[in-house]
Amino acid sequence: MQETKTPLYIRGKAHLMLEVELCGLKMKNPLMLASGIMGSHVSSLIRISRHAGAVVAKSVGTEPREGYRNPVVVNYAHGLINAVGLSSPGVRAFAEELEKFRAEGRSPLVVSLFASTSEEFASLTPHFPMADAFELNLSCPHAENVGMAVGSDPELVKEIVAEVKRSTEKPVFAKLSPNVLDVVEIGKAAEEGGVDAVVAVNTVKGMSIDIVSRKPKLSNISGGVSGEAIKPIALKCVWDLYKELDVPVIGVGGITTWKDVVEFILAGATAVQIGSALFYSHRIFYSLVESLKAYTRSTGESLVELVGKAHTG
Amino acid sequence: MQETKTPLYIRGKAHLMLEVELCGLKMKNPLMLASGIMGSHVSSLIRISRHAGAVVAKSVGTEPREGYRNPVVVNYAHGLINAVGLSSPGVRAFAEELEKFRAEGRSPLVVSLFASTSEEFASLTPHFPMADAFELNLSCPHAENVGMAVGSDPELVKEIVAEVKRSTEKPVFAKLSPNVLDVVEIGKAAEEGGVDAVVAVNTVKGMSIDIVSRKPKLSNISGGVSGEAIKPIALKCVWDLYKELDVPVIGVGGITTWKDVVEFILAGATAVQIGSALFYSHRIFYSLVESLKAYTRSTGESLVELVGKAHTG
Amino acid sequence: MYCVRVEKVVKHSKDVATIVFDGILPSYPGQFVMLNLFGYEEIPLSLSSPRSVTVKAVGETTRALVDISPGALVGIKGPMGNPFTPAEGKALLVAGGIGIAPLLYLHDYLIAEGVEVHVFYGARNADEIVCLERLKSYEVATDDGSAGFHGNVVELAATKDLSSYRKIYACGPEPMLKALYKLLNERELLNRAEFSLERYMKCGIGVCGSCVLENGLRVCVEGPVFSAAKLEW
Amino acid sequence: MYCVRVEKVVKHSKDVATIVFDGILPSYPGQFVMLNLFGYEEIPLSLSSPRSVTVKAVGETTRALVDISPGALVGIKGPMGNPFTPAEGKALLVAGGIGIAPLLYLHDYLIAEGVEVHVFYGARNADEIVCLERLKSYEVATDDGSAGFHGNVVELAATKDLSSYRKIYACGPEPMLKALYKLLNERELLNRAEFSLERYMKCGIGVCGSCVLENGLRVCVEGPVFSAAKLEW
């Protein structure tokens, strides 16, 4: 919070208007690349890190995993539906891939992990010395034995978080699913396990059928809905988590414009993740940053001052 | 199912192409007005019954209930978010209001009920002799002690359905919420209670914040998301319920075009409900009926032949 | 919903004010907005110009709105609803009470289009007559005779030859509109008339069904302006 | 995704076929579609005309597609991706193997635009050379010398004066493109060249990240056609 009322940009510190510190990570802006999007290759992570405040790599597990057959993503007028199936080269190959980020990355790197047990989760962290933080995928809605399968049981969530925390000194984020009766219950369990921040939310279970061929459009039949369609759903989760939890909330779900970023921050998000919006524009981070600079200039408030403002407003 | 391959429209029976029998209700087409939309006044129900296969009145409880302060509905690019708060004139006044439907309604009338206990639910049915069926609101996401509050506990759902079934000989539908870990679990509970059909789904929890005033747009802060945004979510619930249940599934959630109707039928819906689409066009039932007639003419199959076809396709 | 800022508040009386926004809302006369007065309620209000509403304090929300300070933000949905259809030649506007609001907008619009406009404007008493300075040609009626014709506005209209008006537009309390309906029906002028109706309205966008008429149509979507001939009163 | 019907299948050889759809896909040469062969996979394929793809059987899905029957439905996403940019004057097309597919579309397009087009077309052997009848002016190269120039297509190009071509378009295996890059770089013609690249592709719409290049750009969105000068090879 700024003590003085003179806006930062007047004091020649316009770049500070967007800066945010998230669990010790210094981020030039609150915009993070969401996991699973463009996150399999270090080259795209490096490229995106030029403008993004942080990048989250695609979820990785202990073993290589092929994922589902194509089609794994379909778009519709209001977003995307995907069932990629956590395709991953496995922990060793991926750690090697990410090594180059150390030299060339321009913002913090978050490594997303999936696993079936707390031990398996914890075994992954030592492989990633280049990671600045870890995100636990407790929420992929379309894979067996991982993701939501482990992330909808509060006890298990608490145990996983605690075990991972013991394995690393780096911040640990828990990415939650909206496909539960009460996201706050899961968030609280993660908090009790010692999580540093929660990420809300992963995709919403959904599917689409082609009426000409009369077949589901995804090879996996169903998948997870992302994009603008789910923005109000994600926002509600962020609102509730901000109200009930003490740890920071990272908002994700349908954020496409700078207005969406502000909306999530007002609801309580310290940072936000951008995923499906890359479908609309690969310059999304650059354009969001420029728009947010203009917005903070117009209001004279830095973004961190706005976190949760709609609760008290 | 038609034994012969000669399309009905060639045998001079084009109107039969859309006809459906749902738990004994003879419907001229599978399109039902969803509860809560235009359903407070008998005049609009009568008007809509000209083209709709059936109409569902707005949920009614034992006592008059004012609902939330305005704004209770906001629209966004991908749908609506509402928290009307189950405003209702109460059972006596509403039964009187609906009386006129008996003489002037042109399709079956379904009366939607909300209550906190199974006894309260059961006490409502005798008030509505003009009803052809009842729909149990086990899924409103934004009211205390009713709706989802009673509809997310399988045991309670089973008990409510069983009690209501004892109170009436008319078909009883259970309207389910997508805001649960597993909609099939609730659907099965309803089926064990003796439900005649399940309706999937009610709105998805969500909210929206105005970034200028920095306040939630709804007076109730959060509400339920409906409209095109939630179509893939609803479709997935219909798909799963069709697969696991024996009773018919009535699909609802974002159905806006004739293609959406076909998509839900292919997923397993015997009938569908239309709600938010009335925001786009008050002639929606008429135009959907005409489009569906054209569609069935082009394929030579009646709609009932298509139910669940995407499962086997 | 989006926000606009209140630029100016013109008090016409203790209970009636025009709230002027800081920008034009693209609209036609007869359309309304859902105005959300934060901390109070969202209510439907007819536009009295492309950038204003004219409101009478009748409850908690309208009271607060009449007393609002310039600079305040209000939420807006719309403009929405079917507007009045334009006239050629001579047009008559019949207003009852705060029903003057949409007719003020229509008045200015028709004048700008070169239409010859006359207004019959009725209210309970002289204090409730507002904005006369905006009207080019008018006659006033008051129930208590404190200004103009002593009697209601339909009684005033009944004393006149109305046949020269190509269009007759009316807005006011429903009993007034029903009386006018009867008068115009007798004179076989109903097909020239358009009435702007009011109903208790919640969502304003056609889904909640609060504002449906006896014929099943919604004031917010199929209205608020209806051809009088279609009202089956 | 939407469905189109296969109208015709033209077999060029046992392993190569052109699948003609029952309607035109509004597109430009160089764009691709994600084609979903139901029961198999969804794969990226360059359009070889506004209503066809030309495919070589290299795996299970492409094999089934080459053998598809007319009348079958296939799912289509797109056309997507950046197309070739048009030329004026003289243009050279350099194709390696099934890389001929997008260049067939480009060939017809440029001819229709009045461009003078010449094609260098290389393949392993004469059997793999297809659709020559569609080409107006061409030279063929085969690795085994079974048709035309004995050697690869870049070796063929190297024997020529390329400076008269205002644009040079190429599609083929990456080693071929890299060799061509080197040749054009030596001749200082790189800024006239556009290459269509291939990568393992899953979503086709820019989100999965399967097809990113070493520079972080996506073949599906920033490509598949890239200015050769920007490739930093």
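Every chain is numbered from 1, with letters handed out A, B, ... down the list of sequences.
- Heavy atoms of A/V180 lying under 4.5 Å from chain B belong to its backbone as well as its side chain.
- For the pair A/K215/B/K309, no side-chain contact is recorded, criterion being any heavy-atom separation below 4.5 Å from C-beta on.
- In this structure, the side chains of B/T296 and B/L303 come closer than 4.5 Å at one or more pairs of heavy atoms.
- Judged by distance alone, with hydrogens and angles left aside, the side-chain atoms of B/T270 form no donor-acceptor pair with the main-chain N or O of B/P248 at under 3.5 Å.
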For this session: Report the C-alpha separation of A/W239 and A/V249 in whole Å, then their side-chain angles, then the decisive distance to 0.1 Å, and conclude whether the side chain to side chain contact (heavy atoms under 4.5 Å, CB included) test is met.
Result: CA-CA 9 Å; A/W239 177 278; A/V249 182; over 6 Å; no
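- With B/E244 contributing its side chain and B/L241 its backbone, the two residues share no donor-acceptor pair below 3.5 Å.
- In this structure, the side chain of A/N82 does not engage the main chain of A/V72 through any donor-acceptor pair within 3.5 Å.
- Looking at B/A234, there are no atoms closer than 4.5 Å to chain A (heavy atoms on both sides), in backbone or side chain.
- The contact list for residues 140-160 of chain A toward chain B, using heavy atoms and a distance under 4.5 Å, reads A/M148, A/S152 by residue number.
- Residue A/I284 holds its CD1 atom at 12.0 Å from CD1 of A/I37, rounded to the nearest 0.5 Å.
- Between A/K293 and A/E290 there is a salt bridge, with a side-chain nitrogen of the basic residue lying less than 4.0 Å from a carboxylate oxygen of the acidic one.
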For this session: Please test B/D240 against B/D182 for side chain to side chain contact (heavy atoms under 4.5 Å, CB included), starting from the C-alpha separation and ending with a verdict.
Result: CA-CA 10 Å; B/D240 289 349; B/D182 181 12; 5.9 Å; no
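- Only the side chain of B/I81 has a heavy atom closer than 4.5 Å to any heavy atom of chain A.
- Residues of residues 256-268 of chain A that come closer than 4.5 Å to chain B, counting heavy atoms only, are A/W258, A/K259, A/V262, A/E263, A/L266, A/A267, ordered by residue number.
- When B/K205, B/K231, B/K236, B/M207 are compared by the number of non-hydrogen pairs under 4.5 Å with chain A, B/M207 comes out ahead.
- Side-chain N or O atoms of A/S139 include one that pairs as donor or acceptor with a backbone N or O of A/K175 at under 3.5 Å.
- A/N202 places no side-chain N or O within donor-acceptor distance of the main-chain N or O of A/N179, the cut-off being under 3.5 Å.
- Between A/I255 and A/Q273, the closest side-chain pair of non-hydrogen atoms is not below 4.5 Å.
- By number of non-hydrogen pairs under 4.5 angstrom with chain A, the leading residue of B/G223, B/S177, B/S222, B/G254 is B/S222.
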